[in-house]
Amino acid sequence: QVQLVESGGGLVQAGGSLRLSCAASGRTFSADVMAWFRQAPGKEREFVAAISWTGFTTFYADSVKGRFSISRERAKNAVYLQMNSLKPEDTAVYYCAADPSSGGQLYRGRHDLKGRYDYWGQGTQVTVSS
């Protein structure tokens, strides 16, 4: 069974940090583009960050650029999201996603679209208090 399982969410004060993890199982994701999305109550799911299969190429939503950092450990089939300088507007459920069909190459304008991804985790809640 193919699974993506997120962890690391929680409650944090504004200005604080959290590190989210996504553990993949059931198949190897080492050649996939991996990404994080988030969804706040009453809003659409939105792109946060994505990373190529090598880990050398990344891009971010403007709202998190300079504060969040995506990384991966291919040998562990894992991807991470380090979130610093958190703001109340970062409050959302955060989802890990995988795209196995782009040859691992990252494309802006493609990998910021949720329809691109075939695999999704169940999400982890991040709440930032003011």
Side-chain angles (χ1 to χ4, degrees):
Q1 182 182 1
V2 176
Q3 277 191 313
L4 297 174
V5 179
E6 302 93 338
S7 62
L11 174 64
V12 63
Q13 287 189 328
S17 298
L18 282 175
R19 186 183 191 230
L20 304 184
S21 299
C22 173
S25 62
R27 60 179 285 274
T28 180
F29 287 81
S30 60
D32 293 7
V33 168
M34 302 294 293
W36 289 93
F37 284 74
R38 67 186 182 187
Q39 188 166 15
K43 294 189 176 182
E44 293 286 321
R45 190 170 299 188
E46 65 174 8
F47 170 77
V48 175
I51 188 166
S52 66
W53 77 280
T54 62
F56 293 154
T57 306
T58 60
F59 73 91
Y60 299 88
D62 288 343
S63 58
V64 306
K65 202 174 297 182
R67 300 188 297 122
F68 289 13
S69 178
I70 187 172
S71 60
R72 69 188 301 167
E73 285 188 83
R74 293 173 62 218
K76 293 186 177 181
N77 236 12
V79 64
Y80 308 99
L81 186 68
Q82 177 66 42
M83 306 186 295
N84 299 326
S85 302
L86 282 161
K87 305 175 181 180
E89 51 264 44
D90 295 319
T91 295
V93 177
Y94 283 71
Y95 297 90
C96 175
D99 168 23
S101 58
S102 296
Q105 303 301 312
L106 192 59
Y107 299 99
R108 193 181 298 270
R110 179 186 299 182
H111 286 109
D112 49 353
L113 302 176
K114 56 183 181 291
R116 186 69 208 173
Y117 296 87
D118 293 338
Y119 300 102
W120 292 86
Q122 83 291 344
T124 185
Q125 176 70 47
V126 171
T127 303
V128 184
S129 63
S130 57

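Not measured: the values here are computed from a predicted model.
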Residue pair Ser69, Met83: steps toward the side chain to side chain contact (heavy atoms under 4.5 Å, CB included) verdict:
CA-CA 7 Å; Ser69 178; Met83 306 186 295; over 6 Å; no
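- A donor-acceptor pair under 3.5 Å is absent between the side-chain atoms of Gln125 and the main chain of Gly9, judged by distance alone.
- Judged by distance alone, the side chain of Tyr60 and the main-chain N or O of Phe47 form no donor-acceptor pair under 3.5 Å.
- The NZ atom of Lys114 sits 5.0 Å away from atom CD of Glu44, with the distance rounded to the nearest 0.5 Å.
- The aromatic ring centroids of Tyr119 and Phe29 lie less than 6.0 Å from each other.
- Each of Tyr117, Tyr94, Tyr95 was evaluated against Phe37; a single residue qualifies, Tyr117, per the ring pair (Phe, Tyr, Trp, His ring centres under 6.0 Å) test.
- Distance alone, capped at 3.5 Å, places no donor-acceptor pair between the Gln82 side chain and the Arg19 backbone.
- Side chains of Gln13 and Val128 form no contact here, defined as non-hydrogen atoms less than 4.5 Å apart.
- Within a 6.0 Å radius of NZ in Lys65, other residues, nucleotides and ligands contribute more than 12 heavy atoms.
- To the nearest 0.5 Å, the span separating CD1 on Ile51 from CZ on Phe59 amounts to 11.5 Å.
- Nearest heavy-atom pair, Val33 versus Gln105, reported as atom, atom and distance to 0.1 Å: CG2-O, 3.4 Å.
- To the nearest 0.5 Å, atom CD1 of residue Ile70 and atom OG of residue Ser52 are 9.5 Å apart.
- Checking Leu11, Leu86, Val93, Leu18 one by one against Thr127, the side chain to side chain contact (heavy atoms under 4.5 Å, CB included) holds for a single residue, Leu11.
- Under the 4.5 Å side-chain criterion, counting only non-hydrogen atoms from C-beta, Val79 is in contact with Trp36.
- Here the shortest heavy-atom pairing between Arg110 and Ser102 reads NH1-OG, 4.0 Å.
- Two residues are said to be in side-chain contact when any heavy atoms from C-beta on lie closer than 4.5 Å; Trp53 and Arg74 meet this criterion.
- Between atom CD of residue Glu73 and atom OG of residue Ser21 there is a gap of 9.0 Å, rounded to the nearest 0.5 Å.
- At a threshold of 4.5 Å between non-hydrogen side-chain atoms, the residues Ser63 and Arg38 count as touching.
- Comment: Asp32 engages Arg27 in a salt bridge, judged by a side-chain N to carboxylate O separation of less than 4.0 angstrom.
- Thr91 places none of its side-chain heavy atoms less than 4.5 Å from the side chain of Glu89.
- Annotation for Ala14 and Ser130: closest pair CB-CA, 4.4 Å, computed over non-hydrogen atoms.
- When the side chains of ILVMFWY residues are joined at heavy-atom separations under 4.5 Å, either directly or via intervening members, Met34 and Tyr107 end up in two distinct hydrophobic clusters.
- The shortest non-hydrogen separation linking His111 to Ala50 is O-CB, 4.3 Å.
- The shortest distance between side-chain heavy atoms of Leu20 and Tyr80 does not fall below 4.5 Å.
- Note that the OG atom of Ser25 and the CD atom of Gln1 stand 7.5 Å from one another [nearest 0.5 Å].
- Counting only heavy atoms from C-beta outward, the side chains of Gln39 and Glu46 never approach each other to under 4.5 Å.
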Between Trp120 and Arg45, is a side chain to side chain contact (heavy atoms under 4.5 Å, CB included) present by the stated rule, with each step listed?
CA-CA 12 Å; Trp120 292 86; Arg45 190 170 299 188; 3.3 Å; yes
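- In terms of heavy-atom proximity, Leu81 sits nearest to Val48 at CD2-CG1, 4.1 Å.
- Using a 3.5 Å distance cut-off with no hydrogens or angles, the side chains of Ser30 and Arg72 do not pair a donor with an acceptor.
- Between Arg67 and Asp90, the closest side-chain pair of non-hydrogen atoms falls below 4.5 Å.
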